[in-house]
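Quick note on labels: first sequence line is chain A, next is B, and so on, each numbered from 1.
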Amino acid sequence: MEQPPDLVEPVLAWYDVHARDLPWRRPEASPWSVVVSEFMLQQTPVARVLPVHEAWLERWPAPAALAAAPTGEAVRAWGRLGYPRRALRLHAAATAMVEQHGGEVPRDREALLALPGVGDYTAAAVASFAFGQRHVVLDTNVRRVHTRVLGGAEFPGPSVTRAERDRAAALLPADEATAATWSVAVMELGALVCTAADPSCPRCPVAEHCAWLRAGRPPHAGPPRRAQAWAGTDRQCRGRLLGVLRDADGPVHRQRLEAAWDDDVQRERCLAALVADGLAVATSGATYALPG
DNA sequence: TAGCCGTGGAG
DNA sequence: TCTCCAAGGCT
């Protein structure tokens, strides 16, 4: 498979002009700053991550600082970013960096992959964006751009396929630093131009090469992507309960939690799950709190 | 692997 | 109002 020579240059040129000035992208940003940003950005929009990321870096400027803090403080400082287990995983990752990597963010992709909360995407992203390495970085933005420009379809399938990964690898520039910039540039293109709901093809630097646009932007043909139920789910219940603990200074009485959710069975199930997950602890027979 | 895990802004 | 979904990971 040969590299189509016309994609890299236009995308890099576009990125040079339109890239957002994000804290974790600045030259002085530490690898730790990149790690914190990648955890927070997992399924959470940039706009909501920005203030929390800044607060975290101020409070915990290095892995050792976070590792020394109680996990409950990490959960509290996570605020309303969602998926609070990410805060626990980031704390655990910081601990692993202290215990196994001298307090530094490991540079090796395999070592990154071994950290809690770091999967294939995050390992490649940190290795690329913090250390300038050459890796296939496949997130939802990149997958969407590749699917449209090269695949001619509106949306990628539910999971990454081997063919998709091979295609991404074939597109990756040979030079290490160029590859790293290419990866972040394609992500940015997906985030700002080739968006899911409202792509603005007139502003796209590779519109003339886009198979999907050329085909008349045909709508998604595959199985409908199942909408995630929300009202009345355990997720909503857990969020409600954890919100009570997060917004309290100290332990809260059961009554406060009971007032937050009507269904007794579901509330008790979720409370037990939060404790099992390490997001909450029973501080007495009748009180709960974030873990100390 | 499919289901689960939060939250709130945008259209 | 309601649906969609935003730089995933884990089991």
Applying a 4.0 Å non-hydrogen cut-off, can you work out what A:Leu22 is touching in the nucleic acid: base, sugar-phosphate, or nothing? base
Is A:Trp78 touching bases, backbone alone, or none of the nucleic acid, heavy atoms closer than 4.0 Å? nothing
Distance-only donor-acceptor check, side chains A:Arg203 and A:Ser200, under 3.5 Å: yes
Grab the CG-P distance between A:Asp277 and C:dT11 for me, whole Å please. 10 Å
Round to a whole Å and report the spacing from CZ of A:Arg86 to P of C:dG9. 11 Å
Rounded to the Å, how far apart are A:Arg143 CZ and C:dC5 C1'? 15 Å
Among C:dA7, B:dC5, C:dG8, the one nearest A:Arg238 by side-chain distance: B:dC5
Distance check, P atoms only: C:dG9 and B:dG8, in whole angstrom units. 23 Å
Any Lys/Arg nitrogen of A:Arg165 or A:Asp120 sitting under 4.0 Å from an Asp/Glu carboxylate oxygen of the other? yes
Within the pair A:Gln42 and C:dA7, is there a side-chain N or O less than 4.0 Å away from OP1 or OP2? no
Answer with base, sugar-phosphate or nothing: what part of the nucleic acid does A:Arg269 contact at a heavy-atom distance below 4.0 Å? nothing
Less than 3.5 Å apart, any donor N or O on the side chain of A:Thr233 or A:Arg238 sitting next to an acceptor on the other? no
Does the side chain of A:Gln266 come under 3.5 Å of the side chain of A:Trp261 through a donor N or O and an acceptor N or O? yes
How long is the line joining CG of A:Leu245 and C1' of B:dG6, in whole Å? 15 Å
Among the candidates B:dG6, C:dA6, C:dA7, find the nucleotide nearest to the side-chain atoms of A:Pro45. C:dA6
Please classify the nucleic acid contact of A:Pro158 as base, sugar-phosphate, or nothing, using heavy-atom distances under 4.0 Å. nothing
Please determine whether a side-chain nitrogen or oxygen atom of A:Arg246 lies at a distance below 4.0 Å from atom OP1 or OP2 of B:dT7. yes
If you assign each of A:Leu115 and A:Asp139 to its closest nucleotide in DNA chain C, which residue comes earlier from the 5' end? A:Asp139
Considering only B:dT7, C:dA7, C:dG8, which nucleotide approaches the side chain of A:Trp230 most closely? B:dT7
Using heavy-atom distances to pick each residue's nearest nucleotide on DNA chain B, tell me which of A:Ala197 and A:Arg240 is more 5'. A:Arg240
Can a donor-acceptor pair under 3.5 Å be found between the side-chain atoms of A:Thr122 and the base atoms of C:dG9? no
From CG of A:Leu81 across to P of B:dG9 the rounded distance in Å is 12 Å
I want to know whether A:Trp60 and A:Trp32 have ring centres closer than 6.0 Å. no
Looking at every strand, decide which applies to A:Arg48 at a 4.0 Å heavy-atom threshold: base, sugar-phosphate, or nothing. base
Considering only atom P, compute the distance from B:dG3 to C:dA7 and round it to an integer number of Å. 23 Å
Starting the side chain at C-beta, find the nucleotide from C:dG9, B:dG6, C:dA7 nearest to A:Leu41. C:dA7
Checking side chain to side chain contact (heavy atoms under 4.5 Å, CB included) between A:Val49 and each of A:Glu54, A:Met40, A:Gln42, which is the one that passes? A:Met40
Under 4.0 angstrom, heavy atoms only, what part of the nucleic acid is A:Asp198 near: base, sugar-phosphate, or nothing? nothing
Nucleotide nearest A:Tyr121 when distance is taken to its side chain, options B:dT7, C:dG8, C:dA6: C:dG8
Regarding the side chain of A:Thr44, the nearest nucleotide among B:dT7, C:dA7, B:dG6 is B:dG6
Does A:Val46 reach a base, just sugar-phosphate, or nothing at all? Heavy atoms under 4.0 Å. base
d(CD, A:Gln266; C1', B:dC4) in whole Å: 14 Å
Round to the nearest Å and state the distance from A:Glu38 atom CD to C:dA6 atom P. 16 Å
Using the closest heavy atom to pick a nucleotide of DNA chain C for each, name whichever of A:Phe155 or A:Arg85 lands nearer the 5' end. A:Phe155
Does a side-chain N-to-carboxylate-O contact under 4.0 Å join A:Arg162 and A:Asp166? yes
Base, sugar-phosphate, or nothing for A:Gly119, non-hydrogen atoms under 4.0 angstrom? sugar-phosphate
Between CZ of A:Arg235 and P of B:dC5 the distance, given in whole Å, is 6 Å
